[in-house]
2 protein chains.
Amino acid sequence: MKKRPTIGDVARQSGLSASTVSLALNQSGYVSEKTRAKVMRVVKELGYHPTRAARGLASSTSGNLGFIVSEDHFAQAEQFYTRVFLGTELEARLHDYYVLLTVIGRHFTKGNSIPRFLLERNVDGVIIAGSVNDKIIEYIDGLGLPIILVDYQFKRKPCSAVLIDNRNGTRSAVSHLIQIGHTRIGFIGGDLRHPSIAERYGTYKATLEEHGLVPDPSWIAADEKYLSFKSGCTAAEKVLSAPSRPEALFAANDSMAIGSLHCAKRQGLRIPEDLAIVGFDDLEVSSHVEPRLTSVRVHKEEMGRLAVRRLVDILRSKLTTEVTAHVRADLIVRESTAGKLGEYAPLTVEAEDEVAW
Amino acid sequence: MKKRPTIGDVARQSGLSASTVSLALNQSGYVSEKTRAKVMRVVKELGYHPTRAARGLASSTSGNLGFIVSEDHFAQAEQFYTRVFLGTELEARLHDYYVLLTVIGRHFTKGNSIPRFLLERNVDGVIIAGSVNDKIIEYIDGLGLPIILVDYQFKRKPCSAVLIDNRNGTRSAVSHLIQIGHTRIGFIGGDLRHPSIAERYGTYKATLEEHGLVPDPSWIAADEKYLSFKSGCTAAEKVLSAPSRPEALFAANDSMAIGSLHCAKRQGLRIPEDLAIVGFDDLEVSSHVEPRLTSVRVHKEEMGRLAVRRLVDILRSKLTTEVTAHVRADLIVRESTAGKLGEYAPLTVEAEDEVAW
DNA sequence: GTGAAAGCGCTAACAT
DNA sequence: ATGTTAGCGCTTTCAC
């Protein structure tokens, strides 16, 4: 078993010193083109590749990015966070980073709940997806590691974030319901501590108000603890049993929307004739339920990619300005509100073939 | 900014040498309980945590596992591989490993197509999911890294693998169709180079034969290049246009099954009355299509977990025996074959509430 | 522009 | 059972 070549071998073979080889390899300028070319030749000849651990030790750099998501979020919206994570993974690859994923629990006080990659200095920066205990943010910040928040906001300190344009997304969803003739529009939601959900709820009310509509309190179920399928069922049951039930529902996310949809169907309601439903997130499954769910599309992978791009920018050039990006959230009209397609001539109707498979 | 403590600090504080501290920390035996206790106390006191890079350099160990999946597979069966990956991730965490994910292209000759984590010696072992170019397996083997295959087999050399019990899975699916009265049973598939698919196809034919049934060749569409939703549509169109069309379909996976389902519905066929359909994999979406799809459940996370467990066993104890594990594949009967539930009194009927949300 | 020297923080023989 | 001694392979001042 022949040993793999080290930087020393490259130095010897090219008649240079290890430090020069290192400089040449790391694009550090200060190396003549001629030298660099020679180094590259020998590197290729020998099939040399630096060892990550050695680089890490010498440069206090790991080549990894940490991805943190709370247990709760991940368990209840796996489809969502998985795709964000995939986005980070794909983008990180382009920049020669790997992503270490970790799921954290509610409690942060216990020492063992700190992600190992932080304790071992095994990441150069961190992406946090969804809401978390703010203490972890402060802890990471204290470590001096750059942080990018995805779909979450930190109030106490400016922090770069990639957010969803919940305002416009919600506005287009609710406006759509109004436009196709509904006035009795309910809300299905929960976990209002999450900024995104709170924003969707707020914009739902604001949009109705702008149109001179006032929702009956019994049409609103916003106190579910989770945003899950099951919570959607529960919430819908509550709302649909109201003496004067709503004729349309805006759900805080697709899981709840689908839960509501199932519940409504079980009660014998026809969707969208008896009840129109709009969700938020546009999960893959949403275009497969029957009727197919109208939803606000969130570009999940893109959010992950943006987060990585931002993080890498910071890492590579030591930028420190906090930047907040808002990704679009576009309404995708499907059968759960459109009825027979075309009937209401909605602005955006997804062709059946567009289903992303 | 105070520097983090090193092993030297722990040594000093506890009046021991760095090597003793190292031994104590790594459970290496050979350390008195008394000493270990003292070390632990100081470690806690100082909040010491070893730096991954330093450990790596000194011990030629990375603390990472590599996860490789082909671009093609990942793009076409993301739902499947994502869950396997999640399984590895969750299990790896229990054993203090992180998983580095990489997607590889078809071609392997080009040097730059070798996963960077291999070149940089940044993983201690590798999990390969789905079929890949065998050269990569040989390359990794040449590196001396342990490999666990998931849903794939390597012929030239014994290699540990976590496989799906396709035989029993397929047998139960096809038997179910026969049991509920069908005799004209078609097959929807493709990419027969994949061992799992080939096995499902083979067992499909064998099972029919055992029951004295002979499928008309026009009922079989097994030459699609991909196993995608779209391929499922195409294949179903072919098969359903046969002069004497089949009354039931067994699809090689759920994506194709759902493609077939859409296609059949578009042609005005009622499912399951006019055409019964069974898939394989039991993706999350399968329990949300209408009618809900009967499928063979594959425990994807469990496959990932098993692979990691095996890999860690090898890493920790230097085991070298190749082991092949087969994970169960159980039929889940839903509406795409059961019709009104209970009509055929199938063995396993999933309650609606069982949907994993 | 290039080289020499000094670590980075840890593990692993080997000695005691 | 514990300490001594060497590195692991690379980066990074700092001279020249």
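Residue numbering restarts at 1 for every chain, and letters A, B, ... go by the order of the sequence lines. Note that these values count all heavy atoms, side chains included, but never hydrogens, waters or copies made by symmetry.
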Checklist entry - Who pairs with Asp9(B) by salt bridge (Lys or Arg N to Asp or Glu O under 4.0 Å), at least two apart in sequence or on another chain? => result Arg12(B)
Next on the checklist: Could you work out, with ring-ring contact (aromatic ring centres under 6.0 Å, His included) as the rule, every residue matching Phe80(B), not counting sequence neighbours?
Outcome noted: none
Checklist outcome for this item: Residues passing the side chain to side chain donor-acceptor pair (under 3.5 Å) test with Thr20(B), sequence neighbours excluded, are Ser17(B)
Checklist entry - For the helix from dG1(C)-dC16(D) to dT16(C)-dA1(D), what angle lies between the axis at the first five pairs and the axis at the last five pairs, to 10 degrees? => result 30°
Item to check | Set of residues satisfying side chain to side chain donor-acceptor pair (under 3.5 Å) with respect to Glu138(A), sequence neighbours excluded | outcome: Arg156(A)
Checklist entry - Mind checking which nucleotides bracket the chain B contacts on DNA chain D, 5' to 3', with an atom under 4.0 Å from a heavy atom? => result dA1(D) to dG9(D)
Checklist entry - Among all residues two or more places apart in sequence or in another chain, which pass the ring-ring contact (aromatic ring centres under 6.0 Å, His included) test with Tyr81(B)? => result His73(B)
Next on the checklist: So Met303(A) and Lys300(A), do their side chains get closer than 4.5 Å, heavy atoms only?
Outcome noted: no
Item to check | Asp124(A): salt bridge (Lys or Arg N to Asp or Glu O under 4.0 Å) partners, not counting sequence neighbours | outcome: none
Checklist entry - Once each nucleotide of nucleotides 9-16 of chain C is scored for protein heavy atoms under 4.0 Å, what B/S/- sequence comes out, 5' to 3'? => result BBSB----
Checklist entry - What does Thr35(B) touch in the nucleic acid at a heavy-atom separation under 4.0 angstrom: a base, only the sugar-phosphate, or nothing? => result sugar-phosphate
Show me, pair by pair, the donor-acceptor contacts under 3.5 angstrom made by side chains of residues 142-155 of chain B, not counting sequence neighbours?
| from | atom 1 | to | atom 2 | distance (Å) |
| --- | --- | --- | --- | --- |
| Asp151(B) | OD1 | Ser196(B) | OG | 2.4 |
| Asp151(B) | OD2 | His194(B) | NE2 | 3.3 |
| Tyr152(B) | OH | Val132(B) | O | 3.4 |
| Tyr152(B) | OH | Asp134(B) | OD1 | 2.9 |
| Lys155(B) | NZ | Asp134(B) | OD2 | 3.2 |

Item to check | Pairs meeting criterion ring pair (Phe, Tyr, Trp, His ring centres under 6.0 Å) with involvement of residues 124-151 of chain A, two or more places apart | outcome: Phe108(A)-Tyr139(A)
Item to check | Contacts of type ring-ring contact (aromatic ring centres under 6.0 Å, His included), residue Tyr98(B), not counting sequence neighbours | outcome: Phe117(A)
